[in-house]
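Everything below concerns the one structure shown next.
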Amino acid sequence: MGRFILVRLFQTVVALVGISLLVFILVHASGDPTMLMRTATSTEEEIANIKNQLGLDKSLPELYWIF
């Protein structure tokens, strides 16, 4: 019985990590949110500032960890 519970717990953890990774990939594949927030007169510096404020200037593993 104990082995069954351990196997189920392992399967649960694997499923949760897999689902969260899939959702993370789909969210990031949808595009860059800063491009939706910018105006026609936005400079590269302003766009970089928006990315910094939203935390989008971090690497993908860091963003996944925060997610």
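From a predicted model like this one, the values you see are computed outputs, not experimental measurements. What you see below is based on every heavy atom in this structure, not just the backbone, and it leaves out hydrogens, waters and symmetry mates.
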Check which hydrophobic residues are tied to Leu22 through side-chain heavy-atom contacts below 4.5 Å, counting indirect links as well, and list them.
Leu26

Decide yes or no on side chain to side chain contact (heavy atoms under 4.5 Å, CB included) for Asp32 and Lys51, but give the supporting numbers first.
CA-CA 9 Å; Asp32 188 5; Lys51 284 185 180 186; 3.3 Å; yes

Honestly curious: do [X] and [Y] fall in one hydrophobic cluster under the side-chain, below-4.5 Å linking rule?
{"X": "Leu60", "Y": "Leu56", "result": "no"}
{"X": "Leu54", "Y": "Val27", "result": "no"}
{"X": "Val23", "Y": "Val17", "result": "yes"}

Check step by step if side chain to side chain contact (heavy atoms under 4.5 Å, CB included) holds for Thr41 and Glu46.
CA-CA 10 Å; Thr41 60; Glu46 291 171 338; 5.8 Å; no

Value for CD1 (Ile5) from CE (Met1), rounded to nearest 0.5 Å, stands at 5.0 Å

Could you walk me through whether Thr43 and Ile47 pass the side chain to side chain contact (heavy atoms under 4.5 Å, CB included) check?
CA-CA 6 Å; Thr43 64; Ile47 294 171; over 6 Å; no

Counting only heavy atoms from other residues, nucleotides and ligands, does the tally under 6.0 Å from CD of Gln11 exceed 12?
yes

Ring pair (Phe, Tyr, Trp, His ring centres under 6.0 Å) pairs touching residues 30-53, sequence neighbours excluded, are none

Which label fits Phe67 and Phe24: parallel for a plane angle under 30°, tilted from 30 to 60°, or perpendicular past 60°?
tilted

